[in-house]
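Comments concern the structure below.
Chain naming here is simple, since letters A, B, ... match the order of the sequence lines and numbering starts at 1 in each. Note that this is a predicted model, so its numbers are computed, not measured.
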Amino acid sequence: MSSIQIRDRRIGEFVEAELVSDLSTDELTRTEHTYRELRERRAADAIAEGAPPPQHSEWDWTLKASGDDGGSYRYFGIRREGLIQGLIMLNAAPQQSRSPGHEDDQILYVEFIETAPWNQNTYARTSPRYGGIGIALLRAAIQTSREAGCGGRIGLHSLPQSEGFYRPNFQDLGVDPAEDLRYFEMSEEQALRLL
Amino acid sequence: MNVPKLSHAKLLRLVEQENNASVTAGNPRRFFKKKPAPDSSAQSGVTSRTKKAFASANSK
């Protein structure tokens, strides 16, 4: 079993969690059902308050899994207290870097990443339980990229609500008109700083 | 897979960055079964990559 450190925000200490590689479809489905109920509740709360719902309110990890083609996608989760505290879907087929001057380098692309609703600050009904879930998942992606010969380089399209998280640790390569989202890429040097 | 351990000081700095922002990435339009309205905007629509994913899934 692989372990990874996350922060228990209730006691203010780092704790060990299980890094689950290649999450089973059953566990992915169970996790989606749990997340979905809370996402929908959060969206309803936001609408009732006259605020926009979170931009990932309509995500569905089981649909993402059903769209999987060619076996190049890998799912990782962070398990603690018997629950998946966050999920990442990684395209394990290397892609060309979009970073100027690094077109010969390859990256692994993060298709989706989400921390559990109960770990997000935006979920107002309870205090967040664990911190560092996103960082832990990205560190797993970086390690996978290194093992695939991509030097830890990863790329992703951030939702606007999350750009502030990616900007300090990635290169901001601007809005990608094909996706209508800002594209971020982590260089080998930036990746090494997170390992 | 073994992810190297970080020092608590370094990890704490990263966790604090994460606490200040939601951690979500990925295009919500991708992998959806529902076809969005044709008047696509930033919050709705289908990208070329999504179309490819659907076409691929439907060909199975």
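Both the backbone and the side chain of A:Ile113 have a heavy atom closer than 4.5 Å to some heavy atom of chain B. Only the side chain of A:Leu156 comes within contact range of chain B, judged by heavy atoms closer than 4.5 Å. In this structure, the portion of A:Arg7 lying under 4.5 Å from any heavy atom of chain B is its side chain and not its backbone.
A:Glu13 contributes atom CD, which lies 9.5 Å from atom NE2 of B:His8 (distance to the nearest 0.5 angstrom). Here CG of B:Asn2 is found 9.0 Å from CG of A:Leu19. Values are rounded to the nearest 0.5 Å. Atoms NZ and CD, on B:Lys5 and A:Glu16 in that order, are 3.5 Å from each other to the nearest 0.5 Å. Atoms CG and CZ, from B:Leu11 and A:Arg139 in turn, are 6.5 Å apart once rounded to the nearest 0.5 Å.
Here the closest heavy-atom approach between residue B:Leu6 and residue A:Leu194 is recorded as CD1-O, 3.7 Å. Minimum heavy-atom separation, B:Leu12 to A:Phe14: N-CZ, 3.7 Å. Considering every non-hydrogen atom in both A:Ala140 and B:Val3, the closest pair reads CA-CG2, 4.0 Å.
Hydrophobic clustering of Ile, Leu, Val, Met, Phe, Trp and Tyr side chains at less than 4.5 Å, counting indirect connections, keeps A:Phe184 apart from A:Val175. Grouping the Ile, Leu, Val, Met, Phe, Trp and Tyr side chains by contacts below 4.5 angstrom, directly or via other members, places A:Leu195 with A:Phe170. Taken together through direct or relayed side-chain contacts under 4.5 Å among Ile, Leu, Val, Met, Phe, Trp and Tyr, A:Leu192 and A:Ile154 form parts of separate hydrophobic clusters.
Of all the listed residues (A:Glu147, A:Gln5, A:Glu114, A:Arg146), the one sharing the greatest number of non-hydrogen pairs under 4.5 Å with chain B is A:Gln5.
Here the side chains of B:Glu18 and A:Ile133 are in contact, with some heavy-atom distance below 4.5 Å.
When the shell of 6.0 Å around CG of A:Asp104 is examined, it contains 12 or fewer heavy atoms from other residues, nucleotides or ligands.
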